[in-house]
Amino acid sequence: MYIDSVFHTPDEAELASPLYLTWAGHRVCRPNHSIGPRVLPNYKMVLVVEGSGFFRLNGQDRLIRAGDLFFCFPDVIHHYFANSGDPWTIKWFSFNGNSCAQIMRSLGATPEEPIFTDCMTGRLLNLVNEIIEGLKRDNVHTYAATGYSYLFFDELLSIRDNEGLCSEHEVAENELLEKIKRFVQLNYANTLSVDVIAAHLNYSRSFISHFFKQHVGISLPQFVNELRIHRACELLSQTDMSNEQIAMSIGYGDTLYFIKVFKRHMNTTPQKYRQNAQDEARRSAKE
């Protein structure tokens, strides 16, 4: 692990100013390196330069990738940690001042929605580097570093306005939901669990479970079972496959378990369902 940081102690005049800096740095993290849970007296901006990690928000672990950034708010508990398989490299600066609440409102950043995705332009990264280097060059008079921080917020505001980049916007949520559904539709015949789905999409199990139920109204295992049973009904109606063959074809390795799940969903056994489907087909053929 590598860390390079610089602190600044504001004087009385700075503490009364619209914006001042207190800390900035660069860290290459080891796997699972964790910050928090804790609170800070100031704001903190964290930009992910490489790799990935997680930001715990309302009990859910949100995946943060290279190019994303997030804010920590004063006196609000935060907890974030590097991915075990792809630990992140981060750059940050801490700040405060009587204009900061307005800056956050302008950006649309709140303690409930502190994450910005895909927003690391070359200019934004250069401005963070200038803030860090500015504090190193002159730790007494921080005019240059403070000026670069204003330019940083201006650049981020432009990105947000021009590209619609804000945390957890509706398009991103819809895209994630479609990815989950598509993955299940393509893989329901295999052994499929919430853990498998979450790992494939690079999210925590708890986040994927809560996210899916919040947006669909049923749990992810329920959705998988409904998809499997729907396919079982098609196979029972259209083929002469045995219960064992159907169970294996839709991801149930145990035939008795398949029959139990089918009966719970359809209020009848697979055999009776097939018979009813055949009877209905014969009646339709006569008409």
Stepwise salt bridge (Lys or Arg N to Asp or Glu O under 4.0 Å) test for D279 and R282
CA-CA 5 Å; D279 292 343; R282 282 192 290 268; 2.4 Å; yes
Using side-chain heavy atoms (C-beta onward) and a distance below 4.5 Å, is [X] in contact with [Y]?
{"X": "R205", "Y": "D61", "answer": "no"}
{"X": "I250", "Y": "Y252", "answer": "yes"}
{"X": "F81", "Y": "H79", "answer": "yes"}
{"X": "V224", "Y": "P221", "answer": "no"}
{"X": "E175", "Y": "E178", "answer": "no"}
{"X": "Y273", "Y": "F262", "answer": "yes"}
{"X": "R137", "Y": "E130", "answer": "yes"}
{"X": "F73", "Y": "H78", "answer": "no"}

Decide if atom CG of D240 counts as having more than 12 heavy atoms of other residues, nucleotides or ligands within a radius under 6.0 Å.
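At most 12 heavy atoms, drawn from other residues, nucleotides or ligands, come within 6.0 Å of this atom.
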Output, in order, the C-alpha distance, side-chain angles, deciding distance and verdict of side chain to side chain contact (heavy atoms under 4.5 Å, CB included) for T268 and K263.
CA-CA 5 Å; T268 188; K263 189 173 182 179; over 6 Å; no
Could you grab the distance from atom [atom1] of [X] to atom [atom2] of [Y], nearest 0.5 Å is fine?
{"X": "L69", "Y": "L125", "atom1": "CG", "atom2": "CG", "value": "11.5 Å"}
{"X": "L124", "Y": "T121", "atom1": "CG", "atom2": "OG1", "value": "4.5 Å"}
{"X": "T22", "Y": "L40", "atom1": "OG1", "atom2": "CG", "value": "8.5 Å"}
{"X": "T269", "Y": "L236", "atom1": "OG1", "atom2": "CG", "value": "9.5 Å"}
{"X": "Y148", "Y": "I131", "atom1": "OH", "atom2": "CD1", "value": "10.0 Å"}
{"X": "Q60", "Y": "I208", "atom1": "CD", "atom2": "CD1", "value": "10.0 Å"}

As a quick check of understanding, evaluate side chain to side chain contact (heavy atoms under 4.5 Å, CB included) for K213 and I218, giving each step before the final call.
CA-CA 5 Å; K213 188 164 186 179; I218 61 173; over 6 Å; no
If the condition is salt bridge (Lys or Arg N to Asp or Glu O under 4.0 Å), which residues does K136 pass it with, not counting sequence neighbours?
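Testing K136 for salt bridge (Lys or Arg N to Asp or Glu O under 4.0 Å), a comparison that skips the adjacent residues, returns D4, E133.
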Taking N126 for its side chain and G122 for its backbone only, find out whether a donor-acceptor pair lies under 3.5 Å.
yes
Residues 10-19, side-chain donor-acceptor partners within the protein, below 3.5 Å, at least two apart:
from : atom 1 : to   : atom 2 : distance (Å)
D11  : OD1    : A13  : N      : 3.1
D11  : OD1    : E14  : N      : 2.8
E14  : OE1    : H8   : NE2    : 3.1
E14  : OE1    : D11  : N      : 3.1
E14  : OE2    : H8   : NE2    : 3.0
E14  : OE2    : T142 : OG1    : 3.2
S17  : OG     : E14  : O      : 2.5
S17  : OG     : L19  : O      : 3.4

Is the F212 to F223 ring centre distance short of 6.0 Å?
yes
Ring centroid separation Y43 to F71 under 6.0 Å
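Aromatic pair excluded; centres sit 6.0 Å or further apart.
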Pairing donors with acceptors under 3.5 angstrom, does anything connect the side chains of [X] and [Y]?
{"X": "R274", "Y": "Q271", "result": "no"}
{"X": "T117", "Y": "D68", "result": "no"}
{"X": "S219", "Y": "Q222", "result": "yes"}
{"X": "S106", "Y": "Q102", "result": "yes"}
{"X": "E234", "Y": "H230", "result": "yes"}
{"X": "S5", "Y": "H26", "result": "no"}

Identify every side-chain donor-acceptor pair in residues 85-97 under 3.5 Å, counting partners at least two apart or on other chains, and give the distances.
from : atom 1 : to   : atom 2 : distance (Å)
K91  : NZ     : N129 : OD1    : 2.6
N96  : ND2    : P41  : O      : 3.2
N96  : ND2    : N42  : OD1    : 2.9

Would you please test T255 and N243 for side chain to side chain donor-acceptor pair (under 3.5 Å) and show each step?
CA-CA 7 Å; T255 305; N243 285 341; over 6 Å; no
